[in-house]
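Everything on this sheet refers to the single structure shown next.
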Amino acid sequence: MHARSRRSVGNLPAELTSFVGRRHELAEAKRRLSAARLVTLTGAGGVGKTRLALRVAADVRRAFPDGVWLVELADLGDPHLLPSTVATALGLRGTGDQSAGLAEYLEDKQVLLVLDNCEHVADECATLVAKLLAVSAGLRVLATSRHTLHVEGEHILHVEPLPVPGDEDTGASPVEAVTLFAERAAAVSPGFELTPDNRAAVIRICRRLEGIPLAIELAAVRLRVLSVDQLVERLDDRLGLLTSRPLGAKPRPRTLEAAIGWSFELCTPAEQRMWAQASVFPGGFDLDAAEHVCAPRETDGDSALDVVAGLLDKSVISRRNGTFGRHAWYRMLETVREYGGAKLAEADDEPGVRARQARYYAGLARRYRSEGFGPQQVEWLDRLRREHPNLRSVLEHCLATPERAGHALDIAASLWNFWYGGGLVPEGCRYLRRGLELCGERTITRARALYGMAFLAIQTGAPHTELLAELAELAEEFDDERLRAGRAECAGMAAFFTGDLQGGAELLERALAGYRTAGDALLVFDTLILLAAARFFLDDPRGAAAAEEALALTERHQARWSRGYALWAVAIHRWRAGEPRRAAELLREAVALRLTDRTLLAFLVEALAWCHSSEGAHDRTARLLGGSHAVWRLSGARVGEMSPYQGFDEQCATLARKALGDEEFDAAFAAASRFGLDEVVRYALGEKPAQAAKAARTSEPGGLTRRQREIAELVARGMTNKEIAAGLVLSGRTVEGHVENILVKLGLTSRAQVASWLAGQPRRPA
């Protein structure tokens, strides 16, 4: 083989469009490339692996005197031609064993090979790369692939979509997906700018496209003929819309649909079926769900785990940690899932998959009801929150399919206190109402649903009389003590909330006896809490005993979520007994559990306001009342608006107004009523705001470490990385990493900006 002139130091293409964002990924890829000899960028089609690889390669080219060489493999049809394709990219000519010739040529070279789109020739790439790395100590390989190469020593960096604006985006700082859309839009529609008038539409586009760079770029091209608002309207049919290819594009997948379709063709038949079947999980899934809903055929010879591993390997799904029992959780990008849904419809397999899914979630909901008052209580809640999109999908599908409406009613009824504790009261009511309308047969499931519907309706102030009347009939028809107790509990709660404290307490006592007979620990606990509250407002000392029993029950069952309610019940009785400081301690202990139950948080913050009012801390009282108002609004429940709770709030507000004056009280209340949940929790606990706390822990401004501050000062003097490394006795790569981290932390884009930033900072003491 003969190499071409060394004057050429690579074949990286010039960037035709701007590179947007990816600062953290760039830094991480370069860090890994400095430590490992093979780095593979994985991710779904269209996510930007190639573009990131090219930018990384361009940034590090000075470290490879023999060149940085791009080898494009997308159009390689015959895997046996891989060695010659690499040789051609390197400018080598020769005959015979090309892999041997490559090894010989690279043996003493310092080269970076960028192997782009390896997935369809992954095995051949793995073999060749392993051979070349073994003979050339100076070789580094940066690969892009939808799945890993499985070469010893391979470092994997999964490339995610670009960040998109959150729900509370204010437009104060750019978000990468929006910036990309705006820059590409300006390129095809001269004069396009991001303005207050079009920002909301652009944000919606970026969210719908989930930050996928290729999808965003293809969408932006449509602004040649569509307005932003028209584009938003057509995104529902995005897979059909984004199909054109720019002039001069190579015969590689350039549209999102083609990219996804190509991934599909690379899958085995079993993987293709699971991809299609798993499309029924909009929120993602775990292995348990895959085994029950997307089980492979016996003829496949692979287990569900094998197929999931294959899809994960091919970046069709991505893995998230931290679901029920610490199992892994798998998700598809929405566009990938939609493609699978289309394939599921084509295969005429959807009815069977949906039927298995309905049975699976009915069983899951019943398990939650039976296991939800125990050591895994919070884990169950976390699981259901993660499953929430799937639960919605299943319920909607079942309610739209008459023969499966019973599954919907069963699921919704079993989850009654998830709807309550998850701040989903109106949603739970809606599913239960629709299920009851569709399922008129008088069954135990209907009776359970009537109880759940009545419980939630009372929380929102909705009509419930007819529900309780039918529940009473079914309780007698089935001679079921638990149902009788449920009717008494709901009736007692309704009486309590409407001011009939004595009547409510008597009904709750009857319910408590029935639940004790039925042996239902969860409902015994719930009724103890309600009874403790009713007796609190009656100034009945027996309420404290009910609260203490409830707390002991949570300790016995290790039910952490329920413990928050028990602490509240004990605390309000301590407050009523003239112990506001002890009560506040208990309330803060409950807040510090940081449970996701918004209704509970509202109760806790409200009661804290009562405690601080008793201590004369009127400004804090006003803010806590405002914070509880904010949380009640987010919870969907209306208990906080009902008598007799409102009476105590009004008393505290009156005292605070008298002490502070109307203007100051209203300002404090309004400021806290705009808090988010995290801010409410921090304020209730007396913590500093997150940013202030972070700054207090940081030894240097900007979040820099002392070493980074030292290097920043040297950068500001105009010193190169090499000069800094020599002066501080560090390696060049260590300094490069520090400089990259400094720019990331300070939100800067160039070394020149570091001097300006430092000029605005206080001088350090000598």
Side-chain angles (χ1 to χ4, degrees), residues 1-16 19 29-30 33 36-42 45 48-149 151 154 248-254 262:
M1 285 190 172
H2 303 282
R4 64 186 177 187
S5 169
R6 282 283 301 276
R7 288 177 297 174
S8 175
V9 292
N11 65 344
L12 295 182
E15 290 187 311
L16 301 179
F19 184 85
K30 288 189 282 187
L33 201 57
R37 301 185 60 207
L38 169 61
V39 175
T40 303
L41 306 182
T42 65
K49 301 183 296 295
T50 297
R51 194 65 191 275
L52 176 61
L54 292 177
R55 172 50 68 98
V56 170
D59 285 355
V60 302
R61 75 167 82 206
R62 285 185 297 179
F64 298 93
D66 297 297
V68 175
W69 305 92
L70 171 65
V71 185
E72 296 178 302
L73 302 175
D75 56 357
L76 178 62
D78 185 352
H80 295 99
L81 298 178
L82 176 64
S84 62
T85 302
V86 176
T88 299
L90 286 166
L92 305 175
R93 303 184 302 276
T95 60
D97 184 350
Q98 298 238 280
S99 61
L102 278 170
E104 181 182 353
Y105 170 72
L106 292 171
E107 185 176 5
D108 60 349
K109 301 292 190 297
Q110 290 181 287
V111 163
L112 174 64
L113 279 183
V114 182
L115 303 180
D116 190 35
N117 290 300
C118 298
E119 51 271 1
H120 62 303
V121 286
D123 291 343
E124 290 77 10
C125 281
T127 301
L128 180 62
V129 167
K131 181 174 183 177
L132 297 180
L133 290 175
V135 298
S136 175
L139 175 65
R140 294 284 191 278
V141 177
L142 178 62
T144 74
S145 177
R146 291 178 195 167
H147 52 89
T148 58
L149 300 184
V151 175
E154 180 183 27
K250 294 185 178 181
R252 57 187 293 266
R254 291 296 302 160
W262 195 35

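- When side chains are defined from C-beta on, V111 does not count as touching S136, because their heavy atoms never get closer than 4.5 Å.
- Residues L115 and C118 have side chains in contact (heavy-atom distance under 4.5 Å, counting atoms from C-beta outward).
- No side-chain heavy atom of V135 sits under 4.5 Å from any side-chain heavy atom of L106.
- Just one of T127, D123, L128 meets the side-chain contact (heavy atoms from CB on, under 4.5 Å) condition when paired with L82; it is L128.
- By the 4.5 Å heavy-atom criterion applied to side chains, L113 and L142 are not counted as neighbours.
- Between A130 and V151 the shortest heavy-atom distance is CB-CG1, 4.3 Å.
- Residues forming a side-chain hydrogen bond (donor to acceptor under 3.5 Å, both in side chains) with T42 (at least two apart in sequence, or on another chain): H158.
- L133 and L139 get closest at one heavy-atom pair: CD2-O, 3.7 Å.
- Taking CG of L112 as the start and CG of D66 as the end, the distance is 11.5 Å to the nearest 0.5 Å.
- With contacts defined as side-chain heavy-atom distances shorter than 4.5 Å, the pair L33/V60 qualifies.
- Here E107 pairs with nothing under the side chain to side chain contact (heavy atoms under 4.5 Å, CB included) rule; sequence neighbours left out.
- A heavy-atom distance below 4.5 Å is found between the side chains of L102 and L90.
- Side-chain atoms of S145 never come within 3.5 Å of backbone atoms of N117 as a donor-acceptor pair (strictly under, hydrogens ignored).
- A distance-only check finds no donor-acceptor pair linking the side chain of Q110 to the backbone of A63 [under 3.5 Å].
- When every heavy atom of V114 is checked against every heavy atom of A53, the shortest pair comes out as CG1-CB, 4.2 Å.
- The shortest side-chain heavy-atom distance between L41 and L52 falls under the 4.5 Å cut-off.
- The closest donor-acceptor contact from the side chain of T40 to the backbone of T144 lies at 3.5 Å or more, if one exists at all.
- The main-chain N or O of E124 is never found under 3.5 Å from a side-chain atom of H80 such that the two would form a donor-acceptor pair.
- Of all the heavy atoms in N11 and A89, the pair that sits closest is ND2-O, 3.6 Å.
- Residues satisfying the side-chain hydrogen bond (donor to acceptor under 3.5 Å, both in side chains) test with T148, not counting sequence neighbours, are H150, D313.
- Across every non-hydrogen atom of E119 and R146, the tightest pair is OE1-N, 2.9 Å.
- For the pair D116/L73, no side-chain contact is recorded, criterion being any heavy-atom separation below 4.5 Å from C-beta on.
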